[in-house]
Participant: 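One structure coming up, written as structure tokens, with questions to follow.
Every value quoted in this text rests on a predicted model; they were computed, and no experiment measured them. Below, each value reflects all heavy atoms present in this structure, side chains not excepted, and no hydrogens, waters or symmetry copies.
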Amino acid sequence: MKHLKELYDYREMIYSLVRQDLRGRYKGSVLGFLWTFINPLLQLAVYTFVFSIVMPNNIEKFYLYLFVGLVPWLFFSGSMTGGAACIMAQKDMVKKIYFPREVMPISYVTSGFVNMLFSFIVIFVVILFSGIGVNPLAWLCLPIVMIVEYIMALGGAMVTSALTVYFRDLEYILGIVTMAWMYLTPVVYSIDMVPERLRPLLNFNPMTPVINAYREILYYKQFPELGNLAWAFVLGLIVLAIGILVFNKLQKGFAEEL
């Protein structure tokens, strides 16, 4: 509780770092903040071309099916890969002044989360023009799913940011890991396409129930299965607990390693 109170006392620092990251994310670019919407749209165009024309499937309105899973995945993978360098990026601050080191991954993941929320504006617009319709009651569960994913992403970022201080190559390895992880998560395909004997293994992937929950709400217009949501929440807490343990164990040597 004392540590949580200390983090709360530094809430203004977290807010300042989040604002700084959001403002500097596309600083100097011609389109600026519009890249928040253009990036997921361009990735959507590439994946839609590959999996609708080059490797066609039978999923109706695949562009929407893909978009609903792709935007949350980009937030999670970005938290893992970009979050890995958040301590290194502020190493001078870490060496010179005292503050709870958890502030760094918290601010980075929160910035990515806010960016994802802006991207969801595009999702809502696509849903509106797709004619697929909405279920307002099911949408009430959307904040819950987002919070679960935030918890999971924060736990992952705390692990990767702490380990990267001691093992600098991890920042680059994670790019390959997250690429492979995406194809082990039903982002660009339906879980029904996976052989039934392999589906239990897929469900051990902490992002599988999260992506499924997003799709159930936004694509299938139904309440997410309580079992999937509960499992996602439990996995999120486990990932966060591991992240806190690893971070607290390693942060004592940050100043010396940096």
Side-chain angles (χ1 to χ4, degrees), residues 15 18-19 21-23 25-26 29 31-53 57-80 82 108-154 178 182 185-192 206-226 228-229 232-233 236:
Y15 172 76
V18 170
R19 184 175 58 183
D21 183 71
L22 289 172
R23 285 182 174 177
R25 191 172 289 244
Y26 304 112
S29 67
L31 296 177
F33 191 68
L34 287 176
W35 281 109
T36 300
F37 309 109
I38 295 172
N39 267 332
L41 285 173
L42 290 176
Q43 293 203 42
L44 172 66
V46 172
Y47 284 120
T48 300
F49 173 77
V50 172
F51 292 99
S52 294
I53 298 176
N57 58 72
N58 297 320
I59 299 176
E60 184 182 359
K61 297 186 186 296
F62 179 73
Y63 65 90
L64 180 58
Y65 183 90
L66 175 61
F67 206 20
V68 168
L70 183 62
V71 169
W73 173 259
L74 290 176
F75 160 61
F76 179 77
S77 62
S79 297
M80 294 285 290
Y108 187 89
V109 173
T110 302
S111 172
F113 183 74
V114 172
N115 199 62
M116 182 185 77
L117 294 181
F118 283 120
S119 297
F120 260 84
I121 295 174
V122 182
I123 291 181
F124 297 150
V125 172
V126 172
I127 289 174
L128 180 65
F129 283 97
S130 71
I132 199 170
V134 299
N135 182 344
L137 292 178
W139 279 35
L140 294 176
C141 296
L142 196 57
I144 300 174
V145 181
M146 289 178 170
I147 291 171
V148 168
E149 186 183 13
Y150 175 86
I151 291 172
M152 200 174 290
L154 179 58
T178 54
M182 187 186 79
T185 307
V187 175
V188 298
Y189 59 85
S190 167
I191 198 168
D192 297 331
M207 280 302 291
T208 295
V210 172
I211 297 298
N212 286 342
Y214 277 114
R215 286 218 173 101
E216 286 168 341
I217 295 169
L218 298 171
Y219 182 81
Y220 293 109
K221 300 178 297 182
Q222 63 188 31
F223 282 93
E225 292 184 20
L226 292 179
N228 284 343
L229 203 54
F233 182 68

Participant: So, the side chain of Gln222 versus the backbone of Ala138: is there a donor-acceptor pair under 3.5 Å, distance only?
Facilitator: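 No, Gln222 side chain to Ala138 backbone: no donor-acceptor pair under 3.5 Å.
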Participant: Can you confirm whether Tyr219 sits close enough to Lys221 that some side-chain heavy atom of one is under 4.5 Å from a side-chain heavy atom of the other?
Facilitator: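 A side-chain contact under 4.5 Å is absent here.
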Participant: Show the nearest heavy-atom pair for residues Ile127 and Gly133, with the distance to one decimal.
Facilitator: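 It is CG2-O, 3.9 Å.
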Participant: Please report the interatomic distance CD1(Ile191) to CD1(Ile211), rounded to the nearest 0.5 Å.
Facilitator: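 Going from CD1 on Ile191 over to CD1 on Ile211, the span is 11.5 Å.
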Participant: Using 0.5 Å steps for rounding, measure from the CD1 atom of Ile147 to the CZ atom of Phe233.
Facilitator: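 Separation between the atoms: 9.5 Å.
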Participant: Should Tyr220 and Asn135 be marked as a side-chain contact (heavy atoms from CB on, under 4.5 Å) after you check the CA-CA gap, both sets of side-chain angles, and the distance that decides it?
Facilitator: CA-CA 9 Å; Tyr220 293 109; Asn135 182 344; over 6 Å; no
Participant: Look at the side chain of Ser190 and the backbone N and O of Asp192, then say whether any donor-acceptor pair between them is shorter than 3.5 Å.
Facilitator: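 Confirmed, Ser190 side chain pairs with Asp192 backbone.
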Participant: Just so I know, are the side chains of Val210 and Phe76 near enough to count as touching, which here means a heavy-atom distance under 4.5 Å?
Facilitator: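 Not touching, per the 4.5 Å side-chain cut-off.
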Participant: Testing the basics here: between Leu66 and Val187, what is the closest heavy-atom pair and its distance to 0.1 Å?
Facilitator: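 In terms of heavy atoms, the two residues are closest at CD1-O, 3.6 Å.
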Participant: Identify, with sequence neighbours excluded, every residue that meets side-chain hydrogen bond (donor to acceptor under 3.5 Å, both in side chains) alongside Thr208.
Facilitator: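 By the side-chain hydrogen bond (donor to acceptor under 3.5 Å, both in side chains) rule, Thr208 matches no residue at all.
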Participant: May I ask you to test the Met146-Phe75 pair for a side-chain heavy-atom distance under 4.5 Å?
Facilitator: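 A side-chain contact is absent here, since even the closest heavy-atom pair is not under 4.5 Å.
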Participant: For the atom pair CD1 (Ile132) and CG (Leu64), what is the distance rounded to the nearest 0.5 Å?
Facilitator: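 Ile132 atom CD1 to Leu64 atom CG measures 5.0 Å (nearest 0.5 Å).
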Participant: Are Leu218 and Trp139 side-chain neighbours, meaning at least one heavy-atom pair lies under 4.5 Å?
Facilitator: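 The answer is yes, as the side chains (C-beta and beyond) meet within the 4.5 Å cut-off.
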Participant: Can you confirm whether more than 12 heavy atoms, excluding those of Phe124, are under 6.0 Å from its CZ atom?
Facilitator: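 Yes, enclosed.
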Participant: Are there over 12 heavy-atom neighbours, none belonging to Phe223, within less than 6.0 Å of that residue's CZ?
Facilitator: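 Counting other residues, nucleotides and ligands, CZ of Phe223 exceeds 12 neighbours.
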Participant: Calculate, to the nearest 0.5 Å, the distance between atoms CG and CE belonging to Asn212 and Met207 respectively.
Facilitator: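 Reported to 0.5 Å precision, the distance equals 10.0 Å.
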Participant: Could you tell me the separation between the CH2 atom of Trp73 and the CE atom of Met116, rounded to the nearest 0.5 Å?
Facilitator: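 The distance works out to 13.5 Å.
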Participant: Tell me the closest heavy-atom pair linking Val148 and Ala232, and the distance in Å.
Facilitator: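 Here Val148 and Ala232 meet closest at CG1-O, 3.4 Å.
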Participant: If the test is side chain to side chain contact (heavy atoms under 4.5 Å, CB included), which one of Pro224, Pro209, Pro72, Cys141 qualifies with Tyr214?
Facilitator: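 Testing each of Pro224, Pro209, Pro72, Cys141 against Tyr214, the sole residue satisfying side chain to side chain contact (heavy atoms under 4.5 Å, CB included) is Pro72.
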Participant: Could you measure the distance from the CG atom of Leu128 to the CD1 atom of Ile123? Nearest 0.5 Å is fine.
Facilitator: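 Rounded to the nearest 0.5 Å, the CG-CD1 separation comes to 13.5 Å.
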Participant: Show, in sequence, the C-alpha distance, side-chain angles and deciding distance for Thr110 and Tyr15, and conclude whether the side chain to side chain donor-acceptor pair (under 3.5 Å) test is met.
Facilitator: CA-CA 9 Å; Thr110 302; Tyr15 172 76; over 6 Å; no
Participant: Taking the six-membered ring of Tyr65 (Phe, Tyr or Trp), confirm whether the NZ or CZ of Arg215 is under 6.0 Å from its centre and within 45° of its axis.
Facilitator: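 Arg215 over Tyr65 ring: yes.
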Participant: For Tyr150 and Met152, what are the C-alpha separation, side-chain angles and deciding distance, and is it a side-chain contact (heavy atoms from CB on, under 4.5 Å)?
Facilitator: CA-CA 5 Å; Tyr150 175 86; Met152 200 174 290; over 6 Å; no
